[in-house]
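Comments concern the structure below.
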Amino acid sequence: MERTESIKRSLDQPTWEERSGLLGFLAKVYAEVARFDATFDFGISQLLELPERIDGRTDLQVSIGFVVIRRNSALIGRDYCLYAVLKGEELVAYVGIYADGNIDTVRELKPMTDFRNGFSILHDWLRDLVKASCEKI
């Protein structure tokens, strides 16, 4: 009985992810990406399934916050993506090249720690994605 009460008390308390605003931010990312793309029409959309590997690793899937992809019609067969991985209490973003279910990272971006005001950093990340895809890195 004591163990049940302890579990119930711990379930009533918000987790770090809830208190920090991380879960709220992640819940709105794809809607914000869609709004950004509707405004600028860069061809950025949600990747519907998690990548099989990131830089040859399969262990990062559990830490992925989101993945979006930019299909540039000028670069057929070379899709760029933006993905974020939770590392400790930071959401670290990367630009990569997506092909055949795999991501090869090309650049690490500024990490996010303030999730309540995260959309300005998300917009910076999206601009970095567009820039990288235009530079053909």
Query raised in the report: Which residue pairs pass the salt bridge (charged side-chain N to carboxylate O under 4.0 Å, His left out) test with at least one member in residues 31-43, sequence neighbours excluded?
Result: Glu32-Arg35
**Report entry** CG (Asp100) with more than 12 external heavy atoms under 6.0 Å
**Finding:** no
Query raised in the report: Would you say Val130 and Leu82 are hydrophobically clustered, going by side-chain heavy atoms of ILVMFWY under 4.5 Å?
Result: yes
Query raised in the report: Do Leu109 and Ile121 come within less than 4.5 Å of each other through their side chains, counting heavy atoms only?
Result: no
Query raised in the report: Under a single-linkage definition using a 4.5 Å side-chain heavy-atom cutoff for Ile, Leu, Val, Met, Phe, Trp and Tyr, are Phe115 and Phe119 assigned to the same hydrophobic cluster?
Result: yes
Report task. Determine, stepwise, if the pair Arg57 / Asp55 fulfils salt bridge (charged side-chain N to carboxylate O under 4.0 Å, His left out). Result -> CA-CA 6 Å; Arg57 297 174 54 187; Asp55 299 327; over 6 Å; no
**Report entry** Trp125 versus Pro111, closest heavy-atom pair with distance
**Finding:** CZ2-C, 4.3 Å
Report summary line: Applying side-chain contact (heavy atoms from CB on, under 4.5 Å) to Thr39 and not counting sequence neighbours gives none
Query raised in the report: Should Tyr83 and Phe36 be regarded as members of a common hydrophobic cluster, given that ILVMFWY residues are connected when their side-chain heavy atoms come within less than 4.5 Å of each other, either directly or indirectly?
Result: no
Report task. Kindly say whether Phe42 contributes a backbone atom to a donor-acceptor pair with the side chain of Arg70 at under 3.5 angstrom? Result -> yes
**Report entry** Non-neighbouring partners of Glu52 that pass side-chain contact (heavy atoms from CB on, under 4.5 Å), sequence neighbours left out
**Finding:** Asn102
Query raised in the report: Side-chain heavy atoms under 4.5 angstrom apart, residues restricted to Ile, Leu, Val, Met, Phe, Trp, Tyr: same cluster for Leu86 and Tyr30?
Result: yes
Query raised in the report: Between the side chain of Thr105 and the main-chain N/O of Arg107, is any donor-acceptor distance below 3.5 Å?
Result: no
Query - Distance-minimising heavy-atom pair for Ser45 and Arg71 - result: OG-NH1, 4.5 Å
Report task. State which residues pass salt bridge (charged side-chain N to carboxylate O under 4.0 Å, His left out) with Asp124; sequence neighbours excluded, sorted by chain then number. Result -> Arg127
Report task. Supply the atom-to-atom distance Asp104 CG to Arg53 CZ, rounded to the nearest 0.5 angstrom. Result -> 11.5 Å
Report task. Would you list the pairs meeting salt bridge (charged side-chain N to carboxylate O under 4.0 Å, His left out) in which at least one residue belongs to residues 108-120, sequence neighbours left out? Result -> none
Report summary line: Rounded to the nearest 0.5 angstrom, the OG1-CG distance for Thr113 and Leu22 is 11.5 Å
Query raised in the report: Would you call Ile64 and Pro51 a side-chain contact if the rule is heavy atoms closer than 4.5 Å?
Result: yes
Query raised in the report: Cluster question for you: counting only ILVMFWY and a side-chain heavy-atom cut-off of under 4.5 Å, with indirect links fine, are Ile54 and Phe66 together?
Result: no
Query raised in the report: Can you find a heavy atom in the side chain of Ile44 that is under 4.5 Å from one in the side chain of Ile69?
Result: no
Got a list of side-chain donor-acceptor pairs under 3.5 Å for residues 88-98, not counting sequence neighbours?
from	atom 1	to	atom 2	distance (Å)
Glu89	OE1	Trp16	NE1	3.4
Glu89	OE2	Trp16	NE1	3.4
Tyr94	OH	Lys87	NZ	2.7

